[in-house]
Amino acid sequence: MNTGIHRVLVVGSGTMGMEIGFQCALYGCEVALSDADPAALTTLGERARRYGQGIVEAGFLDAAAVEGALRRMTPVAPALGAAADADLVVECVPEDPVLKGRVFAELHPACPPRTIFATNTSSLVPSMFAAATGRPGRVAAFHFHLPVWRSNVVDVMPHAGTDPEVTETLVDFARRIGQVPIRVARESHGYAFNAIYNAVNREAMTLVANGVASVEDVDRAWMGIFKMPVGPFGMLDDVGIDTVWHITDFWARTLGDDQLRRNADWLRGYIDRGRLGRKSNAGFYDYPEPAYARPGFTAGG
């Protein structure tokens, strides 16, 4: 029986992994973060501090809380070094079920039996790789949204073989770290919000990839009608164009979908130019002052 989650190992410390780690550390967990890319670990402290400072500036945290969270975040290489004490492992690696299964399979012998394996996958379902983990009964989806501190909703989705106690533990833990748990009763690609959001993103990308409308005009349409401060492409810059490409490319290959292939190839052009989104200060827009945030953008200025 899992008596509680106090030590968390996050595998993949990019934008999402870092924010999940920060959220867990903010609420008192000791958090180890690993990544296959040494640069991600080298910059982890700086990125986490900048992220925390942004929350302070928004008036939702004080500086002492940020410092406490940062003290509880530790980069580790390899991930096996933190496996023996982990109550929860959260993977944030690219959207590839073989890769996700392999990551968990390597950790399985090093983790105690109580450890829960949670996947932050945004479009896959845990049964696609649960058997490969070595502990399918302790595997479930635990999906966060960016930015984690503000979009404080987390999907909890078991597969048919998940131990019900694991699901309840994750629901309780979500509440403990300031998130609103959304119970997804059975496996469904995209959970609740992402099922809607992915459909919007697909159609937005299709419009541009097919030469129907520009990035800016798609966002103007969305922002003008819904009176929102950002449109689909501005939001995808926050997600990361490389992450969006991984998801689109996987489903293009899996489904043999010609339109998804065109969309993935169109996204690849941005990646090849080093335009990964907000994290590289250039994506569909240039940062820190994106065009969509300027006065008059929705009017076509």
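All values below were derived from every heavy atom in this structure, side-chain atoms included, with hydrogens, water molecules and symmetry-related copies excluded. None of these values were measured; they are calculated from a predicted model.
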List in chain and number order the residues that pass salt bridge (charged side-chain N to carboxylate O under 4.0 Å, His left out) with Arg253, two or more places apart in sequence or in another chain; answer none if no residue qualifies. Asp249

Close side-chain approach of His143 and Thr121, heavy atoms under 4.5 Å: no

Charged N to carboxylate O under 4.0 angstrom, Arg47 versus Glu19? no

Kindly say whether Glu46 contributes a backbone atom to a donor-acceptor pair with the side chain of Thr43 at under 3.5 angstrom? no

Is the closest basic N to carboxylate O distance between Arg261 and Asp265 below 4.0 Å? yes

For the residue pair Asn152 / Gln23, report whether a side-chain donor-acceptor contact shorter than 3.5 Å exists. no

So which heavy atom on Pro158 is nearest to which on Glu187, and how close? O-CG, 3.5 Å

Is it the case that one hydrophobic cluster holds both Leu99 and Val244, taking links as side-chain heavy atoms less than 4.5 Å apart, direct or via other members? no

Check whether Arg72 reaches the backbone of Ala25 with its side chain - one donor and one acceptor, N or O, closer than 3.5 Å. yes

If you round to the nearest 0.5 Å, how far is CG of Leu88 from OG1 of Thr169? 10.0 Å

Salt-bridge test for Arg278 and Asp237: reply yes if a basic N is under 4.0 Å from a carboxylate O, no otherwise. no

Report yes if the side chains of Leu33 and Val76 come closer than 4.5 Å at any heavy-atom pair, otherwise no. no

Assess the side chains of Thr115 and Asp87: does a donor N or O sit below 3.5 Å from an acceptor N or O? no

To check you understand the geometry: which heavy-atom pair defines the closest contact between Pro112 and Ala86, and what is its length? CG-O, 3.9 Å

According to a hydrophobic-cluster definition based on side-chain heavy atoms being under 4.5 Å apart (Ile, Leu, Val, Met, Phe, Trp, Tyr only), do Val139 and Val89 belong together? yes

Would a 4.5 Å heavy-atom cut-off, applied to side chains only, mark Asn201 and Leu236 as touching? yes

Show, in sequence, the C-alpha distance, side-chain angles and deciding distance for Asn194 and Ser123, and conclude whether the side chain to side chain contact (heavy atoms under 4.5 Å, CB included) test is met. CA-CA 8 Å; Asn194 268 22; Ser123 64; over 6 Å; no

Interatomic distance, Glu95 atom CD to Thr248 atom OG1 [nearest 0.5 angstrom]: 10.0 Å

For Arg183, is there an ion pair with Asp155 - N to carboxylate O distance below 4.0 angstrom? no

Are side-chain heavy atoms of Pro290 and Phe297 found at a separation under 4.5 Å? no

Is Glu91 salt-bridged to Lys100, cutoff N-O under 4.0 Å? yes

In one Ile/Leu/Val/Met/Phe/Trp/Tyr side-chain cluster, 4.5 Å: Met157, Phe117: yes

Taking all non-hydrogen atoms of both residues, which atom of Asn210 and which atom of Gln259 are closest, and how far apart? ND2-OE1, 3.0 Å

Is there a path from Ile182 to Leu170 through hydrophobic residues (I, L, V, M, F, W, Y) whose side chains come within less than 4.5 Å of each other? no

Can you confirm if the NZ or CZ of Arg273 lies within 45° of the ring axis of Tyr270 and under 6.0 Å from the centre of its six-membered ring? yes

Suppose the criterion is ring pair (Phe, Tyr, Trp, His ring centres under 6.0 Å): which pairs have a residue in residues 72-100, not counting sequence neighbours? none

Is it the case that the side chain of Asp62 and the backbone of Ala65 share a donor-acceptor pair, with hydrogens and angles ignored and the cut-off at 3.5 Å? yes

Report yes or no: does Lys279 contribute a side-chain atom to a donor-acceptor pair with the main-chain N or O of Leu276 at less than 3.5 Å? no

Charged N to carboxylate O under 4.0 angstrom, Arg220 versus Glu216? no

Find out if a path of hydrophobic residues (ILVMFWY) with successive side-chain heavy-atom gaps under 4.5 Å connects Val8 to Tyr51. yes

Can you tell which of Ile241, Ile247, Val208 makes a side chain to side chain contact (heavy atoms under 4.5 Å, CB included) with Leu267? Ile241

Would the distance check show the side chain of Asp219 and the main-chain N or O of Phe233 forming a donor-acceptor pair, the cut-off being under 3.5 Å? yes

Any Lys/Arg nitrogen of Asp242 or Arg275 sitting under 4.0 Å from an Asp/Glu carboxylate oxygen of the other? no

Check: Phe284 ring centroid to Trp266 ring centroid under 6.0 Å: yes

Does Arg150 count as lying over the ring of Phe60, i.e. NZ or CZ under 6.0 Å from the six-ring centre, within 45 degrees of the axis? no

Looking at CG of Leu44 and OG1 of Thr74, how far apart are the two atoms once the value is rounded to the nearest 0.5 Å? 9.0 Å

Please name the pair of heavy atoms, one in Arg138 and one in Asp163, separated by the smallest distance, quoted to 0.1 Å. NH1-OD2, 4.5 Å

Would you say the side chain of Leu80 lies within less than 4.5 Å of the side chain of Leu107, judging by non-hydrogen atoms? yes

CZ (Arg262) with more than 12 external heavy atoms under 6.0 Å: yes

Please report whether the ring centroid of Phe193 lies less than 6.0 Å from that of Tyr191. no

What I'd like to find out is whether the side chain of Asp286 reaches to under 4.5 Å of the side chain of Asn281, using heavy atoms alone. no

How many angstroms lie between OG in Ser122 and CZ in Phe144, if you round to the nearest 0.5 Å? 14.0 Å

Going by heavy atoms in the side chains, are Ile20 and Asn120 under 4.5 Å from each other? yes

Using ring centroids (six-membered ring only for Trp), state whether Trp251 and His189 fall under 6.0 Å. yes

Step by step, would you call Arg268 with Asp272 a salt bridge (charged side-chain N to carboxylate O under 4.0 Å, His left out)? CA-CA 6 Å; Arg268 187 77 221 185; Asp272 290 344; 3.0 Å; yes

Kindly determine whether Leu146 and Ser151 satisfy side chain to side chain contact (heavy atoms under 4.5 Å, CB included), including the steps that lead there. CA-CA 6 Å; Leu146 291 171; Ser151 303; over 6 Å; no

Who pairs with Pro97 by side chain to side chain contact (heavy atoms under 4.5 Å, CB included), at least two apart in sequence or on another chain? Leu124, Met128, Phe129, Phe250

Quick one: CE on Met16 to OG1 on Thr243, what's the gap to the nearest 0.5 Å? 8.5 Å

Applying side chain to side chain contact (heavy atoms under 4.5 Å, CB included) to Phe173 and Cys24, what does each step give before you reach the verdict? CA-CA 9 Å; Phe173 182 64; Cys24 294; 3.9 Å; yes

Please examine the side chains of Val148 and Phe22, heavy atoms only from C-beta on, and report whether any two atoms are closer than 4.5 Å. no

